[in-house]
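Accompanying notes for the structure given below.
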Amino acid sequence: MKKIYFIITILLLSFFFNVINVSAQSCADIEKDVDEYYQITDKLLNIDCTKTEDSKVVNMCNDLNLQKNVILSNLFTAKEHKISCENTQDKVDVILKDNEENCGKIFNDTIDNLINNVMTVFYIAGPILLILFGTLDFSKATILSDQQALKKASTKFFKRLLATLALFFAPILTRLVLGYNESGYFLSGDTYSCKYNTILAKSKYNIVYVPKSETSNAKTYTSSNTGDFLSWKQYEGDWKSIPMGSRTVSAIGCLVTSVSIQVANSNTATVANYDPGVFITTIKKNGGLTSSGAFTWTGWKSIAPNFEYKGQRTVTGNITAKARQLKNYIQQGYYPVAEVKSPNCGQHWVAIIGVEGSKIIMADPGSTSTNLTASKYPCFASGSNQVALFKVKQ
Amino acid sequence: MKYKKILILMLIFSILNILFYIIYLSIIEKNSTYMIIGNSTVWKYKDNKWMESNLNKLKRLSFKEAYVYNGYNQILENAYLNLTKDGLEIYSKNYENIEMNSNVLSVIGPKKVKVGNLEMMDTITEYDEQYINDVLNKYSIDISINNMLTYKNVIDINNDGNEDYLFNISNFYTEGEKDVAFSIIFCVINNNIKIVDKVIVDVNKELSEKAIYLTNIIDYNEDNIYEIIVNKTRYGDIRNDCHAMYKYVNGKYEKIIGC
């Protein structure tokens with residue numbers, strides 16, 4: 001019996017939560033939705049959502065479209081529930097008209113009617129059958145004066161009563177379960193959906209290399225033709241366990257790996273099978289590392305004689321300002337290696353491969369990221385950072 | 001019959017699961033405040049206690065409104081956090097991407113946090129040099145003030161109406177000859193030096209020890225006494241940065257949470 005009480009409690013609780021869940025929208029909500037709708041459409045107008053090769057644009061378009069769908073769904077549902085607000089009604093009408101072709105109920109009227117009709121039959125037939133079978137069982141037991149049969153009839157009746165109740169609660173439960181998360185909310189059948197679909201990013205990598213001179217031959221590298229060097233990591237490959245002082249390349253080899261990437265990028269390596277392992281082993285032999293493993297900015301002459309260290313400069317400002325300064329260096333023929341965690345949050349170096357607008361393209365020996373963003377390296381987003389510059393000897 | 005039982009059990013289990021999350025989010029988590037420092041550390045504050053949390057929590061907190069402070073007293077209300085593979089992204093209500101910096105601190109939850117201004121508004125004076133030298137002498141470090149990074153902040157740390165000073169001095173990763181690498185954060189409260197945290201290592205270990213940097217000054221418990229948050233980071237290591245928070249208790253700084 002305890003189990004039965006438990007189930008009834010759960011069903012009642014479900015009903016209680018569902019009642020809260022389906023509370024009507026207020027005019028303030030609708031006003032908010034209208035404002036947000038206009039903001040979103042403005043933003044979508046300013047974004048080229050056909051640029052599917054840029055994953056950031058794709059994500060932004062998807063998010064905006066998702067928000068647009070939710071808002072339109074709210075507005076259509078409000079209309080369905082005949083909620084009318086004086087201040088916003090004109091705007092809502094225009095929005096709904098603009099979108100009526102693209103939006104519709106997830107379950108259209110035919111399916112809706114069919115489900116309603118079937119459910120109505122169940123709602124009527126359920127209690128009738130309950131009473132009918134209950135009466136039959138009880139009558140049979142009473143006529144036979146069979147105590148056992150009477151008890152059995154009571155149990156059966158109770159079970160059937162529960163089944164009937166479950167039938168009535170089924171739609172509520174379904175809505176609660178489907179309405180629990182955002183995707184389910186769209187599937188609940190009571191909402192609208194619009195054809196502002198999710199778009200998929202075309203390719204993962206599309207690195208644009210900014211040429212050394214402003215004039216020219218911008219080369220577009222994709223993941224298939226970049227060469228291996230852009231994906232060299234301090235924590236991978238045979239070189240990861242080469243000792244640097246008391247530690248290894250994997251632990252403190254960001255700077256040397258970054259410089260080895262720029263050697264490859266400048267195409268100045270004169271040895272076959274060049275990689276960070278060759279670079280680090282060579283500079284170790286030639287005093288390029290101190291006993292503690294610190295890089296001395298020398299030691300690679302025997303493998304890349306034309307690759308020269310030209311000292312360090314400071315880049316300042318936010319990411320956009322730094323992108324401008326780095327682009328300048330690249331256009332002057334420099335191969336920059338930037339300290340992205342200084343001056344007040346440690347030290348980590350990456351090779352700067354190019355700049356596209358305010359986007360800085362990097363080869364990061366410490367991660368798989370290819371964009372130098374503030375969310376990746378917050379310490380690079382403000383203040384000043386050191387940049388080591390290298391150049392090919394003319 | 002067995003099949004029916006399994007179905008009923010599954011139904012009950014699903015309902016319980018839903019109820020658990022409803023109860024968890026609406027009741028248990030109601031009084032929890034999450035503080036996200038930079039793009040890596042997440043702490044939870046509940047029932048006057050700090051607990052370590054993690055960035056995965058943000059997946060659940062993504063749609064909750066956050067207060068974001070940038071370390072210079074600028075507050076952005078109604079912001080949203082989004083965790084991407086590149087780290088944390090912050091958006092305004094109007095979906096504008098807010099640029100992170102190393103001092104960004106985000107708060108999600110009912111607790112309001114007062115954040116001190118980190119801007120270095122004062123230069124290092126002769127008196128400051130004396131304080132710095134006193135600290136260096138205490139740890140037998142022989143170095144000129146010109147060969148280290150110095151940061152100074154003027155703030156009433158203990159709410160006694162007098163200006164106090166907060167210093168972060170470090171020679172980690174600076175150029176030039178050195179015997180030791182050090183990173184020290186200290187306060188001067190009513191002319192008394194209080195060490196918040198320090199790392200002093202032989203120069204051979206400069207690249208293997210974590211250096212410390214001042215990240216935020218906050219007052220989370222509305223007593224107008226500032227707590228200090230520091231970042232601990234190792235050379236070239238971008239995965240294992242961590243933070244610690246120190247509270248001024250009985251005339252000295254004690255770590256209350258973090259690494």
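Lettering of chains follows the sequences in order, A, B, ..., and the numbering in each one begins at 1.
Counting heavy-atom neighbours within 6.0 Å of A:Lys284 NZ, excluding the residue itself, gives a total above 12.
Proximity of A:Lys359 to A:Ile361: side-chain heavy atoms (C-beta onward) are separated by under 4.5 Å at one or more points. Side-chain contact between B:Ile143 and B:Phe182 is present, with at least one heavy-atom pair separated by less than 4.5 Å.
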Step by step, would you call A:Thr296 with A:Leu289 a side chain to side chain contact (heavy atoms under 4.5 Å, CB included)?
CA-CA 6 Å; A:Thr296 60; A:Leu289 292 182; over 6 Å; no
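Residues of residues 251-260 of chain A having a heavy atom under 4.5 Å from any heavy atom of chain B, listed by number: A:Ala251, A:Ile252, A:Cys254, A:Leu255. Identified by a heavy-atom distance below 4.5 Å to chain B, the contributing residues of residues 313-321 of chain A are A:Asn318, A:Ile319, in residue-number order.
Between B:Tyr67 and B:Tyr69, the angle of the ring planes stays under 30°, which puts this pair in the parallel group of the 30/60° scheme. Ring planes of B:Tyr131 and B:Tyr165: tilted class, angle from 30 to 60°.
When each of A:Glu339, A:Met244, A:Lys43 is checked for heavy-atom pairs under 4.5 Å with chain B, A:Lys43 comes out on top. Ranking B:Thr174, B:Asn231, B:Leu207, B:Asn103 against chain A, the residue ahead of the rest is B:Leu207, based on heavy-atom pairs under 4.5 Å. Of the listed residues (A:Met60, A:Gln234, A:Gln67), the greatest number of heavy-atom pairs within a distance under 4.5 Å of chain B belongs to A:Met60.
Only the side chain of B:Asp241 comes within less than 4.5 Å of a heavy atom in chain A; its backbone stays farther off. Using a 4.5 Å cut-off between heavy atoms, A:Ser250 does not touch chain B at all. In this structure, chain B has no heavy atom under 4.5 Å from any part of A:Phe380. With a 4.5 Å cut-off on non-hydrogen atoms, A:Glu36 touches chain B through its side chain but not through its backbone. For B:Val104, no part sits under 4.5 Å from any heavy atom of chain A, backbone or side chain. The parts of B:Tyr173 that come within reach of chain A are both its backbone and its side chain, each placing non-hydrogen atoms under 4.5 angstrom from that chain.
Between the side chains of B:Asn147 and B:Lys178, not a single donor N or O lies within less than 3.5 Å of an accepting N or O. With 3.5 Å as the limit, one finds no donor-acceptor pair spanning the side chains of A:Asp35 and A:Tyr37.
Between B:Tyr80 and B:Tyr91, the distance separating the two ring centers is not shorter than 6.0 angstrom. Aromatic rings from A:Tyr377 and A:His348 are positioned such that their centres are separated by under 6.0 Å.
A donor-acceptor pair under 3.5 Å is formed between the side chain of B:Asn168 and the backbone N or O of B:Leu214. Within the 3.5 Å criterion, the main-chain N or O of A:Lys341 finds no donor-acceptor partner in the side chain of A:Trp349.
The side chain to side chain donor-acceptor pair (under 3.5 Å) test with B:His243 singles out one residue from B:Asn216, B:Thr41, B:Thr233, and that residue is B:Thr41.
B:Asp197 has a carboxylate O that lies under 4.0 Å from a charged side-chain N of B:Lys232, or vice versa, which qualifies the two as a salt bridge.
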